[in-house]
**Student:** 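I am attaching a structure below and will ask some questions about it afterwards.
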Amino acid sequence: MTGRFEIVDTPLAGLKLLHRRRMGDDRGWLERLFCADELASAGWVWPIAQINRTLTVNKGTVRGMHFQHPPHEEAKLVTCLRGEVLDVAVDLRKNSPTYLGWHGEILSGKNAASLLIPPGFAHGFQTLTSDVEMFYVHSAPYAPQAEDGVRADDPAIAIAWPLEIAERSERDRNFSLVEEREAK
Ligand SMILES: Cc1cn([C@H]2C[C@H](O)[C@@H](COP(=O)(O)OP(=O)(O)O[C@H]3O[C@H](C)C(=O)[C@H](O)[C@H]3O)O2)c(=O)[nH]c1=O
């Protein structure tokens, strides 16, 4: 690992796991959460459009699985600042050999890992602790009119959440199933 990130492929093409190298000394450490030069080799070729932070209070909560339709599709760099989550990306690229495949990684305030999610994926996570803070770098602005999602409990995707889904937003509970969409 030469730079500040070790970039690791996942079974879903384009989805990358990043390990951040912390520069430590007696006071503590400094880590780089984003680096345009280094992350270009991980496929981040966009400007940063927005940065979001979320607090999720209860363990077992699921946020997701969200995406924005073209032309507002976005890449996301997702980092956990506090607590621990299973962070999941779902391949929604119709022509992908891993279409509807999912991949999850444990992100935590301690493990210096981030997930780089290219356009074409839905994203979500389940909190594995209480008081989870997540930090998102977005390559495109929030476009509510283009927002959509797939159900975190869709049997066609079959995400193996570690815990029972304890809490979801009304919107997340009511996304249509892939089967329903594809029947239209
Ligand atoms: C996504 C977003 C939302 N908002 C507003 C809209 C609502 O008033 C409020 C909460 O939005 P929402 O319930 O969509 O938040 P999440 O459920 O955490 O959505 C996020 O969670 C999943 C895991 C993601 O990957 C996306 O980053 C994002 O969709 O923030 C904004 O102002 N800007 C934004 O970029």
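This is a predicted model, so every value here is computed, not measured. Remember, it's 1-based here, ligands and their atoms both numbered in the order they're listed.
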**Student:** Grab the two heavy atoms, one from T98 and one from P11, that are nearest each other, plus how far apart they are.
**Tutor:**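 Reported closest heavy-atom pair: CG2-O, 3.9 Å.
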**Student:** For F121 together with H66, are the ring centres under 6.0 Å from each other?
**Tutor:**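 No, ring centres 6.0 Å or more apart.
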**Student:** Only counting residues at least two apart or in another chain, list the ones meeting side chain to side chain contact (heavy atoms under 4.5 Å, CB included) with A49.
**Tutor:**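 Per chain and number, A49 pairs via side chain to side chain contact (heavy atoms under 4.5 Å, CB included) with P141.
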**Student:** So which pairs with a foot in residues 59-70 pass salt bridge (Lys or Arg N to Asp or Glu O under 4.0 Å), sequence neighbours left out?
**Tutor:**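 Counting only pairs at least two positions apart or across chains, no salt bridge (Lys or Arg N to Asp or Glu O under 4.0 Å) contact touches residues 59-70.
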**Student:** Can you work out which protein residues put a heavy atom within less than 4.0 Å of ligand 1?
**Tutor:**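 Under the 4.0 Å cut-off, ligand 1 touches N52, R63, H66, K76, H123, G124, Y136, H138, Y142, E147, R171.
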**Student:** Could you list all the side chain to side chain donor-acceptor pair (under 3.5 Å) pairs where at least one residue sits in residues 118-131, not counting sequence neighbours?
**Tutor:**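 Of all non-adjacent pairs touching residues 118-131, those that pass side chain to side chain donor-acceptor pair (under 3.5 Å) are D87-H123.
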**Student:** Any side-chain heavy atom of V137 within less than 4.5 Å of one from F135?
**Tutor:**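 Yes - at least one pair of side-chain heavy atoms lies under 4.5 Å apart.
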